[in-house]
Each structure stands twice: as structure tokens, then as C-alpha cells.
Amino acid sequence: MSTETEGAGESRLPSEPQHTTGRDLAGLAIALGLFALAILIWWDASSYPARRNYAQVGPEIFPYVVAAGLVVLGFLTVRLAILSEFPERSEMNWPPVGWIVGAVVAEITLLSIGAGFILASGALFGLSARGMGRRPVWFTVLVGVCISALLYILFRHGLGLSLRAGPLERLIDSPFRR
């Protein structure tokens, strides 16, 4: 069923999909990435110690479930790519991508130099928020540091998890020491 609109003597047909012939190479690349991630998760999960209880299923089963889900998504993505059924993609907007990639690099760098979980996660939050359009950067980083500090207290002192400690973490931990 085609919808034609006529105005001023011209007719217009609905726009065609972006990929009308051939395979969608970007879609196939995405599928390949999904398969690679599934293999990586499966391989990593195979090294987990088995902690089975009376149900004979432990927490080590969930990475396998995630990997299987990624394989299913990979096959569905291959199908869409081969049939050229992906929706039309908009033009890439590089500055936000740069901010988000920079946020990940900043977190890795800050963790590597010993700045700690709070500052690294605050930088990740603030720079990612800037990539999504929030300004000013100093404010989003400050909000990220505050949220990360609360999460650090919850994870470290509420759940007993070990997180990378830097100067702020040592300051926060000092009242909890006996």
C-alpha cells in the first residue's frame, strides 16, 4: 500500500530504507562484536569456581545466561543485516562520542594512578553527562563525586566490598576504623 501525496503537481512516495540492496556491513560488524563479547564472557565464566548448593545451580550460571543471550542477539542482528532491515541511521555526532570515550579513558587513568573509586567514577559520570548535553562540566563532575562517595560507603561499609582506595576513600574510611 503506497501513500502518495500530491501538492503543486508533484507526487511523493514514502522514503526507501537506507540499505535497499546488499548486506548491511555495519550490522554485520555489530553482530561480530556481539559474538566476540559472548565468547569472552563464556571463556571468563569457565574459570569461575563452582559453588553449588542444594539446587545444583550457583551464581556462576548467570554469565553463561548472558553469553547465550548475546549469541541470540548476534543471530538476530545477522538476520537484520542480511535482509537489510535495519532502520535508517542518522548522521554520527562525534563530539558527544568524544566526551564519552574521554570519560572512560579518564576513569581508567585515574584508577591507574591511584586516585581511587570516588574521583574516577565522578569523572566518568561528569564527562559522560557532558557528552549527553549537560553543562557545566565542573558541576556534573561534582555531582558524580558525591554520588560515587555515597556508593563507596554503601559498597564498602554496607556490603563489605573492596574498591580502589585513594585519598578520599581513606578519609571516608578513617571514622569507620576502630
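Shown here for Pro96 and Gly131, the closest heavy-atom pair between the two residues is CB-O, 3.0 Å. Leu70 and Leu34 get closest at one heavy-atom pair: CD2-CD2, 3.8 Å. Residues Gly27 and Thr77 share a closest heavy-atom pair of O-CG2, 3.4 Å. Nearest heavy-atom pair across Ile172 and Ala149 is CD1-CB, 4.2 Å. Shown here for Trp42 and Ala67, the closest heavy-atom pair between the two residues is CE3-CB, 3.7 Å.
Here Leu25 contributes atom CG and Ile30 contributes atom CD1; the two are 11.0 Å apart, rounded to the nearest 0.5 Å. Phe86 CZ to Leu28 CG: the interatomic distance, rounded to the nearest 0.5 Å, is 8.0 Å. Here the straight-line distance linking atom CG of Leu119 with atom CG of Leu124 works out to 12.5 Å at 0.5 Å rounding.
Using a 4.5 Å heavy-atom threshold, the side chains of Val78 and Phe35 count as touching. Side-chain contact between Arg134 and Val143: absent, with no pair of heavy atoms (C-beta onward) separated by less than 4.5 Å.
Between the side chain of Thr140 and the backbone N or O of Val137, at least one donor-acceptor pair lies under 3.5 Å.
Residues satisfying the salt bridge (charged side-chain N to carboxylate O under 4.0 Å, His left out) criterion with Arg79, sequence neighbours excluded, are Glu85.
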Let me check something: any side-chain donor-acceptor pairs from residues 152-171 under 3.5 Å, sequence neighbours excluded? List them with distances.
residue	atom	partner	partner atom	Å
Tyr152	OH	Asp173	OD1	3.2
Tyr152	OH	Asp173	OD2	2.8
His157	NE2	Asp173	OD1	2.7
Arg164	NH1	Leu111	O	2.9
Glu169	OE1	Gly166	N	2.7
Glu169	OE2	Phe117	N	2.9
Glu169	OE2	Ile118	N	2.6

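Applying the salt bridge (Lys or Arg N to Asp or Glu O under 4.0 Å) test to residues at least two apart or on different chains, none of the pairs has a partner in residues 135-144.
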